[in-house]
Enquirer: 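One structure coming up, written as C-alpha cells, with questions to follow.
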Protein chains: 2
Amino acid sequence: MTTKSKTRYALLGILSLYPMSGYDLKKFCDEAVSQFWNENYTHIYTVLKQLEKEGLAGKLTEQTGGRPPKNVYHITETGRAELNEWLLQPVEPDPPRFEIILKLVFSTDVPVQNIIEKIERYKAENELALENVKEGERKIKDIAGTQGEKWAYLWMIGINSGKHSYKAVIDWCEETLEILKGMK
Amino acid sequence: MTTKSKTRYALLGILSLYPMSGYDLKKFCDEAVSQFWNENYTHIYTVLKQLEKEGLAGKLTEQTGGRPPKNVYHITETGRAELNEWLLQPVEPDPPRFEIILKLVFSTDVPVQNIIEKIERYKAENELALENVKEGERKIKDIAGTQGEKWAYLWMIGINSGKHSYKAVIDWCEETLEILKGMK
DNA sequence: GCGCCCATGTAACTAGTTACATGATTCA
DNA sequence: TGAATCATGTAACTAGTTACATGGGCGC
C-alpha cells in the first residue's frame with residue numbers, strides 16, 4: 001500500500017463519528033484527540049477538498065447569515081471503505097527524532113546548568129501533558145458511564161498509552177537531573 | 001528565533017565531532033544515533049550544500065580514482081557559533097502524532113483479533129528498538145572506558161531515555177493485550 | 001558473475017506550516 | 001468596546017521523501 005497523508009485518515013476517522021465542518025474538525029483535534037494527534041487549519045481545509053474531489057467525503061452547505069457559509073462534511077461509503085482498509089493495516093513505526101537527545105549528545109561544551117534548565121523545562125511540559133491526559137481520562141469516564149462500550153475501552157487504552165509515555169519521560173528527567181546535578 | 005530545519009543542526013552537530021562526507025554522515029546517523037535520530041541521503045546532500053553556501057561548513061574534495069570524488073565537509077567557526085546558539089535554546093515539544101492510538105480509537109468496528117495483532121507487532125518492534133538501545137549502551141561503555149568523560153555521560157543519558165521510552169511502550173502493550181484478550 | 005559497498009547527485013513530489021485576509025457574532 | 005469565537009480560505013514556503021541515474025571496487 002502506498003503511504004498517504006495521515007491527515008486523510010484522521011479526518012475520515014473523525015467524520016466517521018459525526019459529520020462536521022473544517023472548523024469543527026480543528027476543534028475536535030484540539031479538544032478530544034490532542035493528547036495523541038494534531039492538525040492545523042490550513043491542512044484540514046486542503047485535505048477536506050481532496051477528500052471531496054475523490055468522493056471519500058460529501059459536503060452540505062449551511063447558510064449561516066453573515067458568517068461564511070458552513071460546509072458540513074460527511075463520510076461517504078467509499079470513504080468508509082478506505083478508512084476501514086487503513087484501520088486493518090499494521091502501523092509502521094515512525095523513524096525516531098528526539099530533538100532533546102540530539103541536543104544533549106552534542107552538549108559537551110554547554111554549561112551543565114543550561115542543560116539542567118532544559119531538562120527541567122522539558123519535565124514540566126511533560127507533567128502538564130500528563131495532567132491533560134488524566135483530565136481526558138476523567139472526561140471519557142464521565143461520558144462512558146459504567147456500561148463497558150467498546151469505543152470507551154479503546155479510548156481508555158489510548159489515554160493509558162499517554163500516561164505510560166509521559167510518566168516514562170518524567171522518570172527519565174528526574175534520573176537525569178540527579179546525574180547532572182552531580183556533575184556540577 | 002525562527003525555526004529552521006533540524007537537519008541543519010544534526011549535521012552541524014555531527015560535523016562538530018569529525019569532518020566527514022555526506023555518505024559518512026548517513027552512516028553515522030544509521031549507526032551511532034539511529035536510536036534517537038534519522039536522516040536520509042537526499043536531504044543530507046541538499047542541506048550540506050546549503051550549509052556550505054551559508055559558510056557554516058567548508059568542503060574539501062578528495063580524489064578517489066574511479067568513484068565520484070569524496071567531498072569531506074568540516075564545520076567552520078560560523079557554523080560552530082550557530083550550533084552553539086542552537087544548543088543553548090530550550091527544546092520546544094513536538095505536537096504529538098501517535099498513529100497507533102489514532103487508529104485504535106476509530107477501531108470500534110475492527111475485529112479485536114486484528115487489533116491484538118497490531119499491538120503484538122508494535123510490541124515486537126519496540127522490543128527490537130530496546131535491544132538496539134542496549135547494544136548502543138554497551139558500545140558506549142566500551143569506548144568510554146572508566147574515566148567519566150562528559151561526552152560519555154551525555155550519550156549514556158540519551159541512551160537511557162530510549163530505554164525508558166521503549167520500556168514504557170512495551171509495558172503499555174502488555175497491559176493492552178491483557179485487556180483486549182479479555183474482550184474477545 | 002553477482003551483489004553489496006562506496007559515493008554522488010537531480011527531479012519530482014508530498015506533507016505540513018506560516019503568514020495573511022475577511023468579517024459577523026457573542027459575551028463580559 | 002474589545003476580545004474571543006465562529007467560519008472560511010489562499011499564497012508562499014519549508015522540510016522531508018521517493019524515485020531515478022551513474023559507475024567503479026571488492027569480496028565470495
Side-chain angles (χ1 to χ4, degrees), chain A residues 1-12 19-31 34 37-54 57 59-73 86 92-99 102, chain B residues 1-12 19-31 34 37-54 57 59-73 86 92-99 102:
Chain A
M1 194 178 62
T2 47
T3 310
K4 293 211 181 161
S5 157
K6 288 170 187 171
T7 298
R8 297 165 65 84
Y9 300 108
L11 299 187
L12 285 174
M20 56 179 102
S21 66
Y23 188 86
D24 295 334
L25 281 160
K26 172 61 174 160
K27 258 211 336 201
F28 193 92
C29 288
D30 289 348
E31 285 163 15
S34 65
W37 203 255
N38 83 97
E39 291 295 345
N40 79 9
Y41 273 126
T42 306
H43 209 205
I44 289 172
Y45 284 117
T46 309
V47 172
L48 275 176
K49 286 199 175 151
Q50 285 171 20
L51 293 176
E52 197 196 355
K53 207 164 70 181
E54 292 172 44
K59 180 173 76 178
L60 286 172
T61 301
E62 286 174 13
Q63 292 308 320
T64 48
R67 285 196 209 108
K70 185 172 178 166
N71 298 318
V72 178
Y73 289 85
W86 174 74
E92 303 296 335
D94 286 330
R97 279 202 134 187
F98 299 110
E99 191 184 349
L102 185 69
Chain B
M1 195 177 61
T2 49
T3 310
K4 294 213 180 159
S5 158
K6 288 171 186 171
T7 298
R8 297 165 65 83
Y9 300 108
L11 300 188
L12 286 175
M20 56 179 100
S21 67
Y23 188 85
D24 294 333
L25 281 160
K26 173 61 173 158
K27 259 212 333 204
F28 192 92
C29 287
D30 290 349
E31 285 163 14
S34 66
W37 203 255
N38 84 97
E39 291 295 345
N40 78 8
Y41 273 126
T42 306
H43 208 203
I44 288 173
Y45 284 118
T46 310
V47 172
L48 275 176
K49 286 200 175 151
Q50 285 170 21
L51 292 177
E52 198 197 354
K53 207 164 70 181
E54 292 172 42
K59 181 172 75 178
L60 286 172
T61 301
E62 287 173 12
Q63 292 309 319
T64 49
R67 285 195 212 112
K70 185 170 177 165
N71 298 318
V72 178
Y73 288 85
W86 174 74
E92 303 295 334
D94 286 331
R97 277 199 136 188
F98 300 110
E99 190 184 350
L102 185 69

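In what follows, chains carry the letters A, B, and so on, assigned in the order in which the sequence lines appear, proteins first and then strands, with residues in each chain numbered from 1. A quick note: this is a predicted structure, and the numbers were derived from the prediction, not measured.
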Enquirer: Can you find a side chain N or O atom of B:Asn40 that sits less than 4.0 Å from OP1 or OP2 on D:dT17?
Expert: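 For D:dT17, OP1 or OP2 has a side-chain N or O of B:Asn40 closer than 4.0 Å.
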
Enquirer: Quick check: closest heavy atoms across B:Pro96 and A:Asn38, and the distance to 0.1 Å?
Expert: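 Closest heavy-atom pair between B:Pro96 and A:Asn38: O-ND2, 3.2 Å.
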
Enquirer: On DNA chain C, does the nearest nucleotide to B:Pro95 precede the nearest nucleotide to B:Lys49 from the 5' side, or the other way round? Give the residue.
Expert: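 Comparing both residues, the 5'-ward one is B:Lys49.
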
Enquirer: Which atoms form the tightest heavy-atom contact between A:Lys6 and A:Asp94, and what is the distance?
Expert: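 Smallest interatomic distance, heavy atoms only, reads NZ-OD1, 3.2 Å.
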
Enquirer: Please report the distance, rounded to the nearest Å, between NZ in A:Lys4 and C1' in C:dG16.
Expert: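 Going from A:Lys4 (NZ) to C:dG16 (C1'), I get 17 Å.
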
Enquirer: Given that A:Gln50 and B:Val72 both sit by DNA chain C, which one's nearest nucleotide is further toward the 5' end?
Expert: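 First, find each residue's nearest nucleotide; the 5'-ward one identifies B:Val72.
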
Enquirer: With each end axis built from five pairs of C1' atoms, what bend angle do you get for the helix from C:dG1-D:dC28 to C:dA28-D:dT1? Round to 10°.
Expert: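 It comes to 50° between the two terminal axes.
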
Enquirer: If I take atom OH in residue A:Tyr41 and atom C1' in nucleotide C:dA21, what distance separates them, rounded to the nearest angstrom?
Expert: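 These atoms are roughly 15 Å apart.
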
Enquirer: By nearest atom, which of the nucleotides D:dA7, C:dA15, C:dT8 is closest to the A:Tyr45 side chain?
Expert: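 Selected nucleotide (nearest to the side chain): D:dA7.
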
Enquirer: Would you say C:dG9 has OP1 or OP2 under 4.0 Å from some side-chain N or O of B:Asn71?
Expert: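 Indeed, a polar side-chain atom of B:Asn71 lies that close.
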
Enquirer: Compare side-chain N and O positions of B:Arg97 against OP1 and OP2 of C:dG16 and report whether any pair is under 4.0 Å apart.
Expert: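 Result: yes.
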
Enquirer: Measuring from atom OH of A:Tyr9 to atom CG of A:Leu51, what distance do you get when rounded to the nearest 0.5 angstrom?
Expert: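 A:Tyr9 OH to A:Leu51 CG: 9.5 Å, rounded to 0.5 Å.
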
Enquirer: Can you tell me how far the OH atom of B:Tyr73 sits from the CE atom of B:Met20, to the nearest 0.5 Å?
Expert: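 Answer rounded to 0.5 Å: 13.5 Å.
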
Enquirer: Whole angstrom is fine here: how far is it from CD in B:Gln63 over to P in D:dG25?
Expert: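 So the CD-P distance, B:Gln63 to D:dG25, works out to 14 Å.
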
Enquirer: Assuming nearest nucleotide by heavy-atom distance, tell me which of A:Thr46 and A:Lys70 is located more 5' along DNA chain D.
Expert: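 Closest to the 5' end, via its nearest nucleotide, is A:Lys70.
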
Enquirer: Cut-off 3.5 Å, no hydrogens considered: what does the side-chain donor-acceptor table look like for residues 42-50 of chain A, sequence neighbours left out?
Expert:
from    : atom 1 : to      : atom 2 : distance (Å)
A:His43 : ND1    : A:Thr7  : OG1    : 3.3
A:Thr46 : OG1    : A:Thr42 : O      : 2.6

Enquirer: Starting at CE of A:Met20 and ending at C1' of D:dC6, how long is that distance when rounded to a whole Å?
Expert: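 Computing the A:Met20:CE to D:dC6:C1' distance gives 16 Å.
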
Enquirer: So does A:Thr42 get a side-chain nitrogen or oxygen closer than 4.0 Å to the phosphate oxygens (OP1/OP2) of C:dG16?
Expert: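 For C:dG16, neither OP1 nor OP2 has a side-chain N or O of A:Thr42 closer than 4.0 Å.
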
Enquirer: Whole Å only: how far is the CG atom of B:Asn38 from the P atom of D:dT18?
Expert: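 One finds 11 Å between P of D:dT18 and CG of B:Asn38, rounded.
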
Enquirer: Heavy atoms only: give me the nearest A:Glu92-B:Glu99 pair and the separation to one decimal.
Expert: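 Where A:Glu92 meets B:Glu99 most closely, the heavy atoms are O-OE1, 4.3 Å.
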
Enquirer: Is A:Tyr23 near enough to D:dT8 that one of its side-chain N or O atoms lies under 4.0 angstrom from OP1 or OP2?
Expert: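 No, no such contact exists.
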
Enquirer: I want to verify a distance call: between C:dT17, C:dG16, D:dA15, whose nearest atom is closest to the A:Thr7 side chain?
Expert: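 Looking only at heavy atoms from C-beta outward on A:Thr7, the closest nucleotide is C:dG16.
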
Enquirer: Between P on C:dG16 and CD on A:Glu39, what's the gap in Å once rounded to a whole number?
Expert: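 About 7 Å, once rounded to whole Å.
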
Enquirer: Could you tell me the separation between the CG atom of A:Leu25 and the CG atom of A:Leu11, rounded to the nearest 0.5 Å?
Expert: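 So the gap between those two atoms works out to 5.5 Å.
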
Enquirer: Can you check the A:Phe28 CZ to D:dC6 P distance for me, whole Å?
Expert: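 Nearest whole value for this atom pair: 16 Å.
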
Enquirer: Can you figure out which of C:dT10, D:dG9, D:dG16 approaches the side chain of B:His43 most closely?
Expert: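 It is D:dG16.
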
Enquirer: Using 0.5 Å steps for rounding, measure from the NZ atom of B:Lys70 to the NZ atom of B:Lys59.
Expert: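 That separation rounds to 14.5 Å.
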
Enquirer: For B:Lys27 and C:dC6, is the shortest distance between a side-chain N/O and OP1 or OP2 below 4.0 Å?
Expert: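 Yes, B:Lys27 has a side-chain N/O under 4.0 Å of OP1/OP2 on C:dC6.
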
